[in-house]
Protein chains: 2
Amino acid sequence: MTASERHRAARADTVVDPDPDAAAERVADGIEEGALVTVFGRCTVEYDGRASSTLGPGDRHVMLKPDGSILVHTDEGQQPVNWQPPGCTQDAELADGDLRIRSHRSTPDERLDVRFERVTQVSAFAVDDASELAITGTEEDLRERILDDPDLLEADFTPLATERQTSAGAVDIYGEDHSGRTVAVELKRKRVGPDAVGQLRRYVDALERDLHDDAELRGMLVAPSVTDRARELLERNGLEFVSLTPETGE
Amino acid sequence: MTASERHRAARADTVVDPDPDAAAERVADGIEEGALVTVFGRCTVEYDGRASSTLGPGDRHVMLKPDGSILVHTDEGQQPVNWQPPGCTQDAELADGDLRIRSHRSTPDERLDVRFERVTQVSAFAVDDASELAITGTEEDLRERILDDPDLLEADFTPLATERQTSAGAVDIYGEDHSGRTVAVELKRKRVGPDAVGQLRRYVDALERDLHDDAELRGMLVAPSVTDRARELLERNGLEFVSLTPETGE
DNA sequence: TCGTGAATGTCGATC
DNA sequence: GATCGACGTTCACGA
């Protein structure tokens with residue numbers, strides 16, 4: 001382990017009940033050092049950008065990440081009450097005697113302003129994380145499962161392409177059936193509603209135009225299941241459904 | 001201020017570099033007290049439920065909320081790398097000498113397992129937050145703007161209902177034009193793609209069936225703007241577009 | 001509980 | 001930078 005790596009290894013610098021100016025300095029230093037900074041205290045939050053929002057005084061947990069993102073969490077909900085995405089500028093400073101943390105980005109122009117009337121704790125964490133998340137059960141898994149064994153859709157189905165472009169977007173799997181009819185396949189990893197049927201229909205319509213083909217063209221939705229409304233829509237549009245999950249067995 | 005209110009007021013109990021058993025006890029106590037608990041350290045994460053995922057060792061910030069949600073954040077991204085929604089059970093315990101935090105819910109059956117090989121810091125925050133987020137610039141604002149002044153869509157447009165049910169779902173605004181033709185209006189707060197056109201088309205188709213009406217039926221998409229492909233789809237389906245934002249002025 | 005659609009959706013790929 | 005579709009989307013609302 002090199003000195004710089006040791007410097008990066010999990011450390012935490014924490015101050016409790018800091019003065020506003022001490023808090024501002026800690027936060028600014030943490031940002032500067034590329035640390036993950038958290039602030040807990042009583043604050044108000046203003047957001048203006050794609051929409052606008054105001055949040056009155058309350059105790060919240062604010063997280064500033066070295067990639068420029070910022071998250072404001074209350075004690076409820078999986079989602080932050082306010083936030084900014086990665087790539088934003090961050091700054092912490094003393095404003096009228098209080099700690100103020102601001103975030104800004106352009107395109108679109110968006111600003112977040114967190115003002116603390118009391119700071120309970122500020123922490124700066126040095127993060128060392130090289131691992132990547134490995135996930136299974138995705139639409140990609142469903143696609144691979146079908147390409148490995150095309151008969152899962154129906155006997156003698158032959159995939160010809162994936163992500164085949166049409167004038168309405170890319171078809172997940174493009175192939176032909178036992179009699180040579182073209183089949184457009186739309187994949188969904190979980191139970192689907194009307195939106196997925198609309199998507200498949202757009203692709204089939206586009207293929208009919210693109211191929212200016214009088215031959216029959218089949219559209220097939222592949223998912224674990226469909227809602228009643230989606231099934232109606234499928235029938236009305238002459239589209240088919242095959243039940244299949246991303247995971248084998250189970 | 002009563003004793004219980006004082007207990008709720010923003011406080012933080014923090015331990016640095018705790019032993020695994022001390023960490024487990026702190027986390028368990030925090031959960032028990034209804035605190036917002038954060039843990040920073042080197043950990044691995046396993047998830048199994050709607051999908052499955054594995055995350056190798058790295059420094060992460062874990063937040064447990066009193067509503068049962070849990071968030072695992074790396075130093076990158078606005079989104080947590082792993083999580084559980086509100087309503088999950090939470091528990092912290094010593095497992096093979098390490099701190100292990102688990103979360104579980106039913107329907108669907110989902111589990112999250114965070115195992116720490118090192119705990120850098122544990123904090124328990126008492127949160128007092130009575131404020132609600134006030135937001136503007138939503139689709140609801142767009143609807144109100146139109147209902148206040150229906151001529152924004154076109155001269156002599158008359159709204160008759162909002163959220164009018166059809167066999168394909170609810171139409172945002174249902175009304176009639178100067179000549180008494182029925183108009184189905186779909187609202188979007190921001191620039192739209194092909195999906196919104198498909199949605200409007202489903203409503204118009206459903207109304208044509210529901211009303212078994214030979215009279216002309218208009219479908220109108222109202223949004224700040226549309227993509228090229230969405231505009232093509234609109235024209236192909238005989239649907240109309242009106243440019244309008246949720247916010248007045250600007 | 002399930003279905004449906006909004007969202008400051010976020011994120012990644014692709015053009 | 002814009003578009004498009006997946007996502008363990010999350011979330012609120014209604015049936």
Side-chain angles (χ1 to χ4, degrees), chain A residues 45 47-53 69 71-72 76-88 103 105-112 133 135-143 163 165 168-172 186-196 198-199 202-203 225-230 246, chain B residues 47-53 69 71 76-86 105-112 133 135-143 163 165-166 168-172 186-196 198-199 202-203 225-230 246:
Chain A
V45 188
Y47 156 75
D48 194 56
R50 288 166 292 174
S52 300
S53 73
S69 45
L71 304 163
V72 182
E76 291 183 341
Q78 175 189 334
Q79 296 302 127
V81 66
N82 281 112
W83 70 91
Q84 289 274 66
C88 296
S103 166
R105 71 160 165 166
S106 328
T107 62
D109 185 45
E110 291 195 298
R111 294 163 196 284
L112 188 68
L133 183 71
I135 190 168
T136 63
T138 65
E139 182 179 307
E140 172 66 18
D141 293 323
L142 177 56
R143 173 165 65 183
E163 297 299 316
Q165 289 301 321
V171 175
D172 285 335
E186 175 62 26
L187 307 176
K188 295 295 173 191
R189 63 172 298 278
K190 64 171 198 176
R191 183 174 174 84
V192 297
D195 52 340
Q199 197 179 335
R202 290 202 303 276
Y203 298 152
S225 60
V226 295
T227 66
D228 289 347
R229 200 111 89 187
Chain B
Y47 157 75
D48 195 54
R50 287 167 292 175
S52 301
S53 73
S69 45
L71 305 163
E76 292 183 340
Q78 175 189 332
Q79 296 302 126
V81 66
N82 280 111
W83 69 92
Q84 289 275 67
R105 71 160 164 166
S106 327
T107 61
D109 185 45
E110 291 195 298
R111 292 161 198 285
L112 188 68
L133 183 71
I135 190 167
T136 62
T138 64
E139 182 180 307
E140 172 66 18
D141 292 323
L142 177 57
R143 174 165 65 184
E163 297 298 316
Q165 289 301 322
T166 75
V171 176
D172 286 335
E186 174 63 26
L187 307 177
K188 295 295 173 188
R189 62 174 298 279
K190 63 170 201 175
R191 182 174 176 84
V192 298
D195 52 340
Q199 198 179 333
R202 291 202 302 277
Y203 298 151
S225 60
V226 295
T227 66
D228 289 347
R229 205 169 266 172

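Chain A is the first sequence line, chain B the second, and so forth, proteins listed ahead of strands; every chain is numbered from 1. Since the model is a prediction, treat every value here as computed from it, not as a measurement.
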In whole angstrom, give me the gap between the [atom1] atoms of [N] and [M].
N     : M     : atom1 : answer
D:dG8 : D:dC4 : P     : 22 Å
D:dC7 : C:dA7 : C1'   : 14 Å
C:dG5 : C:dG9 : C1'   : 13 Å

Taking only residues two or more places apart in sequence or in another chain, which ones pass side-chain contact (heavy atoms from CB on, under 4.5 Å) with [X]?
X        : result
A:Asp195 : none
A:Asp228 : none
B:Thr136 : A:Ser52, B:Asp141, B:Glu247
A:Arg50  : A:Tyr47, A:Trp83, A:Arg105, A:Pro108, A:Glu110, B:Arg189

side-chain hydrogen bond (donor to acceptor under 3.5 Å, both in side chains) involving [X] - partner list, sequence neighbours excluded:
X        : value
B:Glu140 : B:Arg143
A:Gln199 : A:Glu186, A:Lys188, A:Tyr203
A:Ser53  : A:Asn82

In B/S/- notation (B base, S sugar-phosphate only, - none; protein heavy atoms under 4.0 Å), nucleotides 5-13 of chain C written 5' to 3' is SSSBSSS--
Counted 5' to 3', the first and last nucleotides of DNA chain D within 4.0 Å (strictly under) of a heavy-atom of chain B are D:dT3 to D:dC11
Begin with the C-alpha distance, continue with both residues' side-chain angles, and end with the deciding distance and a verdict on side-chain contact (heavy atoms from CB on, under 4.5 Å) for B:Asp172 and B:Glu163.
CA-CA 5 Å; B:Asp172 286 335; B:Glu163 297 298 316; 3.5 Å; yes
